[in-house]
Amino acid sequence: MSDGTHTRYEPAAVEARRQAAWRERDAFRTPPPAEDQAHVYIKPSAPFTSGNVHIGHVRSYSIGDAYARFRRARGDAVLFAFGFDAFGLPAELGAIAGGEPPSDWVARCAAHMTGQLRRLGFSLDWERSFLSSDAVMYRWSQWLFLELLEAGLIYHGTGNVDWCDNCQTTLASIQVEPGGTCWRCHGPVRLIQLPQWYLRISAYVQENDRRLEELAASGIWDDVALSSQEIVLGRVDGVELDLHSPDGAQLTVFTPHADALAQARFVVMSARHPDADEWASAPGVHEQLEQLRSGGWERGSREAETIPVIDTGRVVLAPDGTGLPVLVSPLVDSRFGPTVALGVPTHDRTDEVIARRLGFELADGGGGDSAAAGSGESDAGANGASADGASASAGGRQAVRYKAFDWVISRQRSWGTPIPIVYCERCGTVPVPREQLPVVLPLDIRPTGAGNPLAELEAFVNTTCPSCGEPARRETDTLDCHFDALWLWVPACVPPEAREEPLEEIFALPDLRHWLPSERLVAGSDSGNFVFDQRIVTKALRDIGPLAFLADGEPFAGCLFHEMVTADGRKMSKHLGNVVDPDALVERYGADTVRLAVLYAASPQKSLNWSDSAVLRCHRFLGQVWEYSHTRLAQARQERERTARVGPGEDAGEQVRDTTEHLRLKLSQWCEAGVGRITKDMESLEMHSAVRNVMRLFDRIKDFEQRVVAREGQLGAANLDALVEALAVLAQTLGPLAPHLAEELWVAFGHDEGTAQTPWPGVSFQVPA
Ligand SMILES: [Zn+2]
Ligand SMILES: [Zn+2]
């Protein structure tokens, strides 16, 4: 307990006392659904069990926690919990490096990271946290797989997959870096052909597009999050034309250059286009297509220069009768998805490169290098467009293409959710019945980094067919951890004691309807793909039934994406030796300082370039608040005791009160205005601004004291009381930002230890213009 004599700020002691008090009163337990209370589910990102909490995590959870504490302080019911994303390559490689089974590795990581996050004082409901690799949890993946399979949204196909030789695994397109390298090892990525399971996101891509406007209108999707959804979507507007080959075969061709149809020189088709085999069927050509699909070409950074382009030897006729060669190349996918695009070298750099590589004539005079030739062409183009406009609208129609497309959800690795499929010689591909879930992953597997040990484990592979009872073999691919992420945001909504129930019953609980959609997702700006796919699957589960109550199919009503923490403008990495260790900072300065510093240093939308000066500034600030508050509180008590003894009548304090009343009024106005500003900041998750406004409020309070002392030479009882009152307001506004110190002060000011955290100042405030 603080007795007023502890005027020196000792964060370790303060934080230990508060954290014990929080545990004691179970402060962050999620309240049961009650309709008469405003309630919000604030969704933090699901951390990979990668080893340690890093400073980027600290940033993310400091923002989310400040918001969660702010909402609780205002009397709202808050769900703030996450599950660890424990399957997948990072954990598998960590286990390989540590020479232990992945299940041991992730359990150790989760325990360690939980300890780190607890030491930072984040108000997460730990009762509701979980590991996605626990059987009771990964049955969600298996259940979801069966639901989507039944709805035709998962399909088995043979297809091109990105393959990393280093990691010996397939990669989802979102795991391939923009330069065409592996997200994990940064090595080259090849395209090969394998049987795979796909998620048909294309079924909901258009709805995700349509909803963007509503999300923007909500005002609680920040710009970074919104633009991430647009980028993943990759919408391209244009026109499509039905062109024909001389022998009558039809090909629908897309182009974003509706004004340049006359400049088309070829058409280029995705190797994933359903008609690619038909168009590339000529002897010699089909072999090239097969090689392109399976031969393992590398994805270089200079894509257009190096990626294979196959000339099928066939042509389609442009509206003006010109023959356009039909090419096949993956170069179309990255621009327009798995479609056919008109090649317009004068308008598109990639098309220009293709034309050059194949020696096509570009336009009149060819090269177009000189300015004169260039402008001449564009004049011709403009004239042509008006002339062709009529014929284009006759043959062309408005059309949209999306880069977002179905992705591979299966992996040839052992540390993942087993896919609930059995292959039977008699019955074919048989889904495992839901009542037999979970299909349990053997835990004694020791991956070495090569191949798939699950496929070599006879005890797992050999089973009986659920349909006919004959011997059968299990699917040995596992689900990509991106598939787990599709549901990871849901289970935190139900109390842990309900977690063992069948999923149908979990979905029938009132809890999901109560907490969903999540009021706010707070995650790193690299989460765009996860969120996009979570939005897709929510729409699928809405239509299938379990999430039918989410009419717009949106899991997150609001979304805040923050940028990462950098050092000297570069990404932190062990390799560069510029990693900031949060544990060391907490040890030295305390959790409140570290949290306040990451909030103070930059707005969430800006990358935070780490410097110790923010830590020092915030540490000094908290130390001053602590010492100032305690000394003035002690003074006010002494003054009160003194006036109680002497009696107020003949005391000099009476005069002080008279001549400083306008200053006390000013102080209360400053407090009101400050709280108004900070409230607005907290509502819009502008924590960096909130911290500044709290600092400003503290300056105002000190300014008040200086003015009174300048006038009267001392504070006196009434002004000390006013000062203490203002300091209590300061503590309240610090509650979400530096919660240990704030609550300790709040208690020192005589407030009830038993109440749930520092309440928000309960006045309605006018914000001055
Ligand atoms: Zn790799
Ligand atoms: Zn069978």
Side-chain angles (χ1 to χ4, degrees), residues 48-51 85 87-98 102 105 142 145-146 149-150 156 160-196 294-301 303 407-416 418-437 439 447-453 458 460-483 526 529 571 573-575:
F48 281 119
T49 41
S50 52
D85 198 347
F87 271 140
L89 210 47
E92 186 164 326
L93 295 180
I96 293 168
W105 160 266
Q142 296 177 344
F145 180 93
L146 296 175
L149 182 70
E150 212 166 86
H156 200 218
N160 307 307
V161 291
D162 287 312
W163 173 265
C164 175
D165 285 317
N166 294 338
C167 303
Q168 284 287 300
T169 191
T170 55
L171 301 170
S173 63
I174 55 178
Q175 293 170 310
V176 180
E177 296 174 326
T181 46
C182 170
W183 70 300
R184 176 70 195 165
C185 71
H186 311 296
V189 173
R190 296 191 299 138
L191 199 66
I192 64 164
Q193 199 172 38
L194 274 182
Q196 291 289 346
S294 61
W297 47 275
E298 291 188 3
R299 297 171 64 137
S301 54
E303 282 204 334
W407 51 279
V408 172
I409 56 173
S410 45
R411 302 158 74 251
Q412 293 69 48
R413 290 205 155 246
S414 61
W415 185 240
I419 294 175
I421 288 288
V422 163
Y423 298 107
C424 168
E425 275 189 25
R426 191 184 301 177
C427 313
T429 302
V430 183
V432 175
R434 283 173 182 70
E435 60 273 17
Q436 290 178 24
L437 300 185
V439 175
T448 59
N452 177 3
E458 293 295 317
F460 176 80
V461 175
N462 295 324
T463 184
T464 51
C465 170
S467 183
C468 70
E470 292 294 312
R473 295 174 64 79
R474 285 194 190 282
E475 170 66 88
T476 58
D477 282 4
T478 56
L479 290 167
D480 189 296
C481 61
H482 286 275
F483 191 86
D526 55 357
N529 287 293
K571 194 172 177 172
S573 76
K574 278 182 197 152
H575 174 68

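Remember, it's 1-based here, ligands and their atoms both numbered in the order they're listed. From a predicted model like this one, the values you see are computed outputs, not experimental measurements.
- Counting only heavy atoms from C-beta outward, the side chains of Ile421 and Phe145 approach each other to under 4.5 Å.
- The backbone N or O of Pro102 lies less than 3.5 Å from no partner atom in the side chain of Glu92, so there is not a single donor-acceptor pair.
- For the pair Ser410 and Asp477, the tightest heavy-atom approach, listed with the atom from each and the gap, is CB-OD2, 3.7 Å.
- Vertex the Zn ion (ligand 1), arms ending at SG of Cys182 and SG of Cys185: the angle is 100° after rounding to 10 degrees.
- Without hydrogens or angle criteria, Glu470 side chain to Arg426 main chain gives no donor-acceptor distance under 3.5 Å.
- Listed by chain and number, Cys424 SG, Cys427 SG, Cys465 SG, Cys468 SG are the protein N/O/S atoms closer than 2.8 Å to the Zn ion (ligand 2), with waters left out.
- The side-chain contact (heavy atoms from CB on, under 4.5 Å) test with Val430 is passed by exactly one of Pro420, Cys465, Cys468: Cys465.
- Nearest heavy atoms, Gln412 versus Leu194: OE1-CD1, 3.8 Å.
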